[in-house]
Amino acid sequence: MFAKISAFLLAVAIATALPGNGRAAVVSSDITVNAAYSKTGTLLSGQTLEFKFKALQALFIDAFSLSATGTNSGNDLNKVTFGYTTPTSDFFDTVVTVGKASFAGDFLVGTIFPKGTIFSIFFEERGIKNPVGVTVSFQTASPVPVPATGLLRGTVLLAAGAFARRSLKAAAGRPAGLLPT
């Protein structure tokens, strides 16, 4: 009995030491090529918000557009961090306030995601007092196929080689020191 109570107390201590006091909300979505996505959630005090995505196909995302809205003159938005891993470390670069309403925006650089890749974007609060609405938006595209880039590279190399060979043949027929006209 004592061992069960000790294990429970240890679990509670670990959960309270985690960012957001161990509370997390997850917004999940499967994503495919050539589609636009916009997912929203509400970040509460003491919470981590995770947007989890699964690439059902190999795809490319240039950038993730991140935004947040709040109601206390931007004070809460300055206390929200985000990133691909937790604990997060990026803050919003731009916070605009009109009266008590505020908006923040920023970007995370995207990449190529192979089929089956599961990745997340996290938002964490660092002492917010009011709920903050957050949004992740992005457009997916097909990654450039490697065989097609190889074919293009091969064609360019063949053309450059043919041009160089033709130039050498033409230069071989001219007397030394004369420039082509």
Side-chain angles (χ1 to χ4, degrees), residues 4 7-72 74-97 100-148:
K4 287 183 181 180
F8 173 77
L9 291 175
L10 178 62
V12 169
I14 290 172
T16 351
L18 290 173
N21 294 329
R23 291 187 350 191
V26 180
V27 177
S28 297
S29 185
D30 292 339
I31 58 176
T32 58
V33 172
N34 298 325
Y37 294 91
S38 186
K39 300 296 176 186
T40 61
T42 302
L43 183 63
L44 304 173
S45 179
Q47 183 183 58
T48 297
L49 181 57
E50 176 184 6
F51 290 87
K52 183 184 271 187
F53 302 99
K54 180 178 182 182
L56 298 180
Q57 301 166 286
L59 51 85
F60 171 72
I61 299 171
D62 184 41
F64 295 92
S65 173
L66 310 177
S67 62
T69 55
T71 58
N72 70 347
N75 293 329
D76 284 337
L77 300 187
N78 290 320
K79 296 175 183 171
V80 173
T81 59
F82 55 86
Y84 288 117
T85 59
T86 184
T88 57
S89 59
D90 290 330
F91 286 88
F92 285 106
D93 290 335
T94 304
V95 177
V96 179
T97 301
K100 291 193 176 220
S102 53
F103 165 83
D106 215 323
F107 296 94
L108 280 176
V109 176
T111 188
I112 293 175
F113 296 94
K115 178 181 178 179
T117 301
I118 297 173
F119 64 95
S120 295
I121 296 175
F122 296 91
F123 289 87
E124 293 179 326
E125 64 86 27
R126 304 279 189 239
I128 65 173
K129 300 206 180 323
N130 298 312
V132 171
V134 293
T135 302
V136 175
S137 301
F138 57 93
Q139 172 77 38
T140 62
S142 180
V144 177
V146 175

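Contact between R126 and T81 at its shortest, heavy atoms only, is NH2-OG1, 3.4 Å. The nearest pair of heavy atoms linking N34 to Q139 is C-NE2, 3.8 Å. Contact detail for S102 and T97: the closest heavy-atom pair is CB-OG1, 3.7 Å. The two residues Q47 and A25 make their nearest non-hydrogen contact at NE2-CB, 3.5 Å. Between A141 and V33, the shortest heavy-atom distance links the atoms C-CG1, 3.7 Å. Minimum interatomic distance between F92 and A104 (heavy atoms only, all atoms of both residues): CG-CB, 3.5 Å.
Across V26, I121, V27, a single residue satisfies side-chain contact (heavy atoms from CB on, under 4.5 Å) together with L49, and that is V27. The only member of F53, F60, F119, F138 that meets ring pair (Phe, Tyr, Trp, His ring centres under 6.0 Å) when paired with F113 is F119.
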Do F51 and T135 pass the side chain to side chain contact (heavy atoms under 4.5 Å, CB included) test, and can you show the C-alpha distance, the side-chain angles, and the key distance before you say yes or no?
CA-CA 9 Å; F51 290 87; T135 302; over 6 Å; no

Report the C-alpha distance between F123 and V136 in whole Å, list the side-chain angles of each, state the deciding distance to 0.1 Å, and finish with yes or no for side chain to side chain contact (heavy atoms under 4.5 Å, CB included).
CA-CA 10 Å; F123 289 87; V136 175; 3.6 Å; yes

Show the numbers, then the answer: is there a side chain to side chain contact (heavy atoms under 4.5 Å, CB included) between T71 and K100?
CA-CA 5 Å; T71 58; K100 291 193 176 220; 5.6 Å; no

Report the C-alpha separation of L66 and V134 in whole Å, then their side-chain angles, then the decisive distance to 0.1 Å, and conclude whether the side chain to side chain contact (heavy atoms under 4.5 Å, CB included) test is met.
CA-CA 7 Å; L66 310 177; V134 293; over 6 Å; no

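Looking only at distances, no side-chain donor or acceptor of E50 sits under 3.5 Å from a matching main-chain atom of F122. A donor-acceptor pair is defined here as one N or O able to donate and one able to accept, closer than 3.5 Å; such a pair exists between the side chain of T140 and the backbone of A35. Checked by atom type and distance alone, the side chain of D76 pairs as donor or acceptor with a backbone atom of K129 at under 3.5 Å. Within the 3.5 Å criterion, the main-chain N or O of G83 finds no donor-acceptor partner in the side chain of D90.
Residues S65 and S137 bring no donor and acceptor atom of their side chains to less than 3.5 Å of each other.
Rounding to the nearest 0.5 Å gives a distance of 10.0 Å between NZ of K79 and CG of N130. Atom CG of D30 is separated from atom OG1 of T32 by 9.0 Å, given to the nearest 0.5 angstrom. Taken to the nearest 0.5 Å, the CD1 atom of I112 stands 11.0 Å off from the CD1 atom of I61. Note that CD of E124 is 3.5 Å distant from OG1 of T88, once rounded to the nearest 0.5 Å. Here T111 contributes atom OG1 and D62 contributes atom CG; the two are 10.0 Å apart, rounded to the nearest 0.5 Å. With values rounded to the nearest 0.5 angstrom, F103 atom CZ is found 8.5 Å from T69 atom OG1.
Summarising the local packing, OH of Y84 is surrounded by more than 12 heavy atoms from other residues, nucleotides or ligands at distances under 6.0 Å.
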